[in-house]
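One structure is given below, encoded as structure tokens.
Predicted, not measured: the structure shown is a model, and the values here were computed from it. Values reported hereafter were calculated over all heavy atoms of this structure, with side chains retained and with hydrogens, waters and symmetry mates removed.
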Amino acid sequence: MGITSLSSTITTFPMPSEVMKQNREVVIAEEIGHGRVLTLNRPNNLNYVSEKVALTLGQKLEKYEKDDNAKFVILKGAGRTFSAGGDLERIYDARDSVLEGVYRIYWLFYHIHTYKKPHIALAHGMSMGGGVGLMAPMKFSVVTEKAFCSTPEANLGHHPDCGLSYILSRLPGRLGEYLGLTGVKLKGKEVVAAGLATHFVPSHKLFQLEKSLLSINNGEEDTIRSVIDEFSTNVQIDETSVLSKLSIIDDCFSRETVEEILDSLEAEASKKGNDWIMPVLKSIKKASPIGLKITLRSVTKGRTQTLSECLRKEFRITINTLRTLISYDLYEGIRAAIIDKDKSPNWNPSTLDKVHDEQLDLIFKPFEKHDLELQIPINEEECRWGGKYENSGYCLRTK
């Protein structure tokens, strides 16, 4: 149940995060003036996006998009995390039974990308995987010095999903391929410089920023931008940041195969001043070979695909991965990182040369039954919210 305010004569401002934690709702919804605030409220679970969280967010966003009194939406996370993305333990334990939730999650991400009203992410702390997918498509995305982002899916035998092949492929140069294959963390101002956020605001100003946003009486983008600009600071990247190495990244990560990328990185690593490449090589070599190959193909394809095409492609890959069509690597990656925590996954296939194009083709191939595809609108004239999920094969299987 959401927290609903208020008469037009009363002004209410955000509850402190420690109060949020005591509320058992997975998403806390507040209606404050013309603003609507959605708080991911699973701080002890890193604000994972579960099936229930996705369903609740979707219902609230639909309501607010249709509500003339709701002018803009703010999304934030309780505690010290914005969102760590998918609930990996649930995926590991539930296997095929998570397919309905996966479908709803993709449906949610489509609506976040195409939302008709201004939406603002206040991303303080961790944003990983699907958490980046929640934050980056927002019209305004604010990060603090304590924020960091990463897309570590290949390290888990998976791929950048929830719209990330669309997002990563539109970053400068080959930065998207670099982030997807390495899972490296970008911190604070780097997140803005990379194009994954729009503003950097020091953490001590974040509460006052939210308060000021909720005081405005319209949803004009220029008005919202002006308020955020008052609290934001300029972003400058120093020479120690990986973002200062974009020329090398563009050269190495523009290669057609993961093997060629590794060869070019090793050649660059031998040059003076390129010590930063050794951890990059180590990270890639520890990742799932099949996760790496799928990631590179998906992000590269994303460069020439629309949002809808990217989401449909990612959805196919995710469903086929969950169903272990060609590999158990996702479950093995979760086991090694989250369940047993031994950090020693046994990948299968074990090396890049054992991953064949024919296997990848199976993962990317459209489903034979149309109702198993992600049923998202192709054009703006279609109904945005109703009927698509109910008409899918995943809904029918759960009845």
Side-chain angles (χ1 to χ4, degrees), residues 17 20 26-29 36-43 45-62 64-65 72-88 90-91 101-144 146-153 158-168 170-171 176 179-180 185-186 191-192 194-199 206 210 307 310-311 314-315 318 376:
S17 60
M20 294 285 190
V26 295
V27 176
I28 296 178
R36 302 293 181 263
V37 183
L38 297 171
T39 304
L40 303 173
N41 193 42
R42 302 177 71 205
N45 300 100
L46 303 180
N47 293 324
Y48 287 132
V49 181
S50 64
E51 296 115 293
K52 186 175 181 181
V53 170
L55 178 60
T56 304
L57 284 176
Q59 290 172 335
K60 294 299 181 182
L61 288 171
E62 178 182 6
Y64 301 154
E65 189 174 273
F72 60 91
V73 180
I74 294 174
L75 178 65
K76 61 180 183 175
R80 293 178 291 180
T81 298
F82 179 67
S83 175
D87 191 339
L88 299 182
R90 162 74 173 150
I91 290 171
V102 170
Y103 191 98
R104 289 192 181 278
I105 287 170
Y106 271 86
W107 183 241
L108 167 67
F109 278 88
Y110 165 78
H111 283 289
I112 289 175
H113 274 271
T114 61
Y115 206 62
K116 300 299 184 183
K117 293 181 178 180
H119 44 9
I120 307 146
L122 301 181
H124 179 62
M126 178 193 301
S127 297
M128 295 181 68
V132 180
L134 279 176
M135 177 195 77
M138 296 282 182
K139 178 60 68 175
F140 302 98
S141 45
V142 176
V143 296
T144 72
K146 296 182 180 180
F148 67 87
C149 292
S150 69
T151 52
E153 288 84 356
H158 200 39
H159 68 106
D161 57 354
C162 297
L164 282 171
S165 74
Y166 182 81
I167 293 167
L168 292 177
R170 281 151 179 80
L171 298 184
L179 296 176
K185 294 178 182 178
L186 296 180
V191 180
V192 179
L196 292 170
T198 61
H199 292 79
L206 202 58
E210 186 177 352
L307 171 65
C310 282
L311 287 170
E314 293 170 17
F315 180 73
T318 296
I376 54 177

Checklist line | Verdict with reasoning, Tyr64 to Tyr115, per side chain to side chain contact (heavy atoms under 4.5 Å, CB included) | finding: CA-CA 10 Å; Tyr64 301 154; Tyr115 206 62; 3.5 Å; yes
[X]: side chain to side chain donor-acceptor pair (under 3.5 Å) partners, not counting sequence neighbours:
X      : result
Thr151 : none
Glu62  : Lys66
Tyr103 : none
Glu65  : Arg384, Trp385

Output all residues satisfying ring-ring contact (aromatic ring centres under 6.0 Å, His included) with [X], sequence neighbours left out; order by chain, then residue number.
X      : value
His113 : Tyr166
His199 : none
Phe148 : none

Notebook entry, point to check: Tell me, which pairs form a salt bridge (Lys or Arg N to Asp or Glu O under 4.0 Å) where one or both residues lie in residues 119-134, sequence neighbours left out?
Noted result: none
Residues in side-chain contact (heavy atoms from CB on, under 4.5 Å) with [X], at least two apart?
X      : result
Leu46  : Tyr48, Thr81, Ala84, Met126
Thr318 : Val102, Tyr106, His158, His159, Asp161, Leu322
Ala121 : Phe82, Met135, Met138, Ser141

Next item on the list: Quick one: do Lys117 and Val73 satisfy side chain to side chain contact (heavy atoms under 4.5 Å, CB included)? Show the steps, please.
Entry: CA-CA 8 Å; Lys117 293 181 178 180; Val73 180; 5.7 Å; no
Item checked: For Asp87, all residues meeting salt bridge (charged side-chain N to carboxylate O under 4.0 Å, His left out), sequence neighbours excluded ->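 With neighbours one apart ignored, the set is Arg42.
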